[in-house]
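Protein chains get the first letters and strands the later ones, always in sequence-line order, with residue 1 at the start of each.
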2 protein chains.
Amino acid sequence: MTDRPHDPGRAASSAAFSPLYQQIKSLILRGLDHGEWKPGEAIPSEFELAARYQVSQGTVRKAIDELAADNLLIRRQGKGTFVATHNEAKVRFRFLRLSADDGLPAASRSQILDCRRLKAPPEVAGALDMRTGDMVVNMRRVLSFDAIPTILDDIWLPGHIFKGLTMESLERYRGPVYALFETEFGVSMVRADEKIRAVIATSAQAELLSVPVSSPLLQVERISYTYGDRPMELRRGLYVTERYHYRNSLN
Amino acid sequence: MTDRPHDPGRAASSAAFSPLYQQIKSLILRGLDHGEWKPGEAIPSEFELAARYQVSQGTVRKAIDELAADNLLIRRQGKGTFVATHNEAKVRFRFLRLSADDGLPAASRSQILDCRRLKAPPEVAGALDMRTGDMVVNMRRVLSFDAIPTILDDIWLPGHIFKGLTMESLERYRGPVYALFETEFGVSMVRADEKIRAVIATSAQAELLSVPVSSPLLQVERISYTYGDRPMELRRGLYVTERYHYRNSLN
DNA sequence: CAGTGGTCTAGACCACGTG
DNA sequence: ACGTGGTCTAGACCACTGC
């Protein structure tokens, strides 16, 4: 078996030129997608990969550089290169951009409101690349920081992938749900797009978040993607931004 | 004159090891800060810089790679490497993350409300690394998209740097204010941090934005930095998010 | 001490843009 | 045809980690 990538643009000029390291990147990406290396595990060393793919170590290096820049891999000098995971304290806030105004860390607690299986409404189906009526899991929860309700989440997941997800398993699990998705369902969230607006709390929302009706809330609509840009989660969060703010950096 | 960076860690082991390419990066950064190359202009070729700094072209390359990743430089194959600017159509939305829900581009128009020089309130001074009472410029404006008022901006700038900034010069200028800052005052904004909340429109704000009192607004507080992480602008924007949303990508 | 990623170099060749 | 950045290689050496 030869894994060697073919060689466009080296012999004859080609219409679609793709650098070798991009092809290597795709191969590694495929390995990640197929679960060849699990989140938190080390991938083979650069020299091993170079031998496997029949390219120089420098070329593998450049491929890994890009995957590390995308946060799919984590390099650790002297130790190896590891598959990114949501299971580490360091990256707990990779997808949660809410910070306390005073900067102090807070104890967080999650209260699951419900977790049901139902047919996807059109809007949800569209976001998840499914058909209207396909099975989806819908869960809602309230996240509290220092015992103050702060986030009301409404989460939609493809039913055929998140099969055993129940209220009990959610309540049992300690840690971010993205870590649970990884370990229980083999789904790694790799990237997400968000649309943010200011809205007014309905009475139901206000009650769940212990704020006055018509309080302003930050609405964060998120679509999370796994490898290959496949949407795996639609989430609508409502954030109380009295003592917390959504932080962002522009480059 | 020798620009050659010194060489820690090559001869004897050193406490603070800094790779050669990082030192080159700093040297290029200093050149940018000192205005050796202006926004939009090309910097010398990799080989020229390699000769100037007495290192290999590959090392210069790696330094430029990082500066390009930070959006300080823009590489253009076959043409050269250019200093990033806010003056190009392509990057007009680098710092403006508001998008129309329907995705259609809109004609934008800016109405300047006022532009005054006054003594910095404590909060403003703190954000701009100045002393309370130092001179600052304060301008306010309304941005409209397709003739619909959408953003109310309140902008604070260090007075000793933005000397000739007046309401007339602002009104005369076509294009983003960041482009004006570059061309008129030599200040390049390179990075920004934002804190985002949901708030309720005061009657004054509501009137300026033509929305009902107590409408929900997205409050975006931004500190913009020039080279060397020096804060140069404090801006509080209020966004109407009825037909527009703030978009963000998480990695 | 061995193995990993990180740096640096030198040289060959390719793709792109411009004359 | 030339100069720019982009790719690929091979080899030497350094820094960090863990046995």
Side-chain angles (χ1 to χ4, degrees), chain A residues 4-28 37 40-69 71-84, chain B residues 4-28 37 40-69 71-84:
Chain A
R4 206 208 191 300
H6 50 269
D7 219 342
R10 264 169 157 186
S13 98
S14 58
F17 166 72
S18 171
L20 242 192
Y21 75 86
Q22 288 287 2
Q23 302 177 43
I24 304 302
K25 184 179 172 186
S26 297
L27 290 173
I28 297 175
W37 316 291
E41 289 180 8
I43 68 170
S45 77
E46 296 179 353
F47 277 107
E48 274 183 79
L49 290 171
R52 148 137 41 143
Y53 299 132
Q54 295 287 106
V55 299
S56 80
Q57 178 256 2
T59 300
V60 169
R61 185 163 192 58
K62 181 138 191 188
I64 293 180
D65 276 347
E66 292 209 348
L67 292 167
N71 288 312
L72 300 194
L73 296 176
I74 316 236
R75 320 191 73 137
R76 285 201 254 268
Q77 183 171 152
K79 302 180 74 171
T81 300
F82 298 78
V83 182
Chain B
R4 206 209 191 298
H6 49 270
D7 221 341
R10 262 169 160 184
S13 99
S14 58
F17 166 73
S18 170
L20 242 191
Y21 75 86
Q22 288 288 1
Q23 303 176 43
I24 305 301
K25 183 180 173 185
S26 297
L27 290 172
I28 297 175
W37 314 292
E41 288 180 9
I43 66 170
S45 76
E46 296 179 353
F47 277 107
E48 275 183 79
L49 290 171
R52 148 136 41 142
Y53 298 132
Q54 294 287 107
V55 298
S56 79
Q57 176 255 2
T59 300
V60 170
R61 183 165 193 63
K62 181 139 190 189
I64 293 181
D65 276 346
E66 292 208 349
L67 292 166
N71 288 311
L72 300 192
L73 297 175
I74 316 236
R75 319 191 75 136
R76 285 202 254 268
Q77 183 171 151
K79 301 180 75 171
T81 300
F82 298 79
V83 183

Taking only residues two or more places apart in sequence or in another chain, which ones pass salt bridge (Lys or Arg N to Asp or Glu O under 4.0 Å) with B/E48? none
How far does CG of A/L72 sit from NZ of A/K25, to the nearest 0.5 angstrom? 8.0 Å
Nearest 0.5 Å, please: how far is CD1 in B/I28 from CD in B/E66? 10.5 Å
Which whole-number value in Å describes the distance from B/I74 CD1 to D/dG6 P? 12 Å
Which whole-number value in Å describes the distance from B/E48 CD to D/dG3 P? 11 Å
Length of the line joining B/L20:CG and D/dC13:P, which is rounded to integer Å: 17 Å
Length of the line joining A/I24:CD1 and D/dT9:P, which is rounded to integer Å: 8 Å
For A/E41, what residues pass the salt bridge (Lys or Arg N to Asp or Glu O under 4.0 Å) criterion, not counting sequence neighbours? none
Write down the distance between CZ (A/F47) and P (D/dA12), rounded to a whole number of angstrom. 11 Å
Quick note, B/E46 side chain, CB onward, closest among D/dC8, C/dG5, D/dG5 is D/dG5
Rounded to whole Å, the CG-C1' distance (A/L49 to C/dT4) equals 13 Å
Could you pull out the closest heavy-atom pair between B/F82 and B/G40, with the gap in Å? CD2-O, 3.5 Å
Roughly how far apart are B/T81 OG1 and B/I43 CD1, rounded to 0.5 Å? 5.0 Å
Counting only non-hydrogen atoms, which of residues 57-65 of chain A are less than 4.0 Å from DNA chain C? A/R61
Which atom pair, heavy atoms only, marks the closest approach of B/W37 to B/A42? CD1-O, 4.3 Å
Starting at CD of B/Q54 and ending at P of C/dA10, how long is that distance when rounded to a whole Å? 11 Å
Using a cut-off of under 3.5 Å, enumerate the N/O to N/O pairs linking the protein to nucleotides 17-19 of chain D.
unit_1: D/dG18; atom_1: OP1; unit_2: A/K79; atom_2: NZ; d: 3.4

Side chain of B/S56 only, heavy atoms from C-beta on: which candidate in C/dA10, D/dA10, D/dT4 is closest? C/dA10
Separation of D/dA15 atom C1' from A/R75 atom CZ, nearest Å, is 14 Å
Check residues 57-65 of chain A and write down every donor-acceptor pair under 3.5 Å in which the side-chain atom is one partner and the other belongs to a residue at least two apart or another chain.
unit_1: A/Q57; atom_1: NE2; unit_2: A/E46; atom_2: OE1; d: 2.7
unit_1: A/T59; atom_1: OG1; unit_2: A/S56; atom_2: OG; d: 3.3
unit_1: A/R61; atom_1: NH1; unit_2: A/E46; atom_2: OE1; d: 3.4
unit_1: A/R61; atom_1: NH1; unit_2: A/E46; atom_2: OE2; d: 2.6
unit_1: A/D65; atom_1: OD1; unit_2: A/R75; atom_2: NH1; d: 2.5

Rounded to the nearest 0.5 Å, what separation is found between the CG atom of A/L20 and the OH atom of A/Y53? 12.5 Å
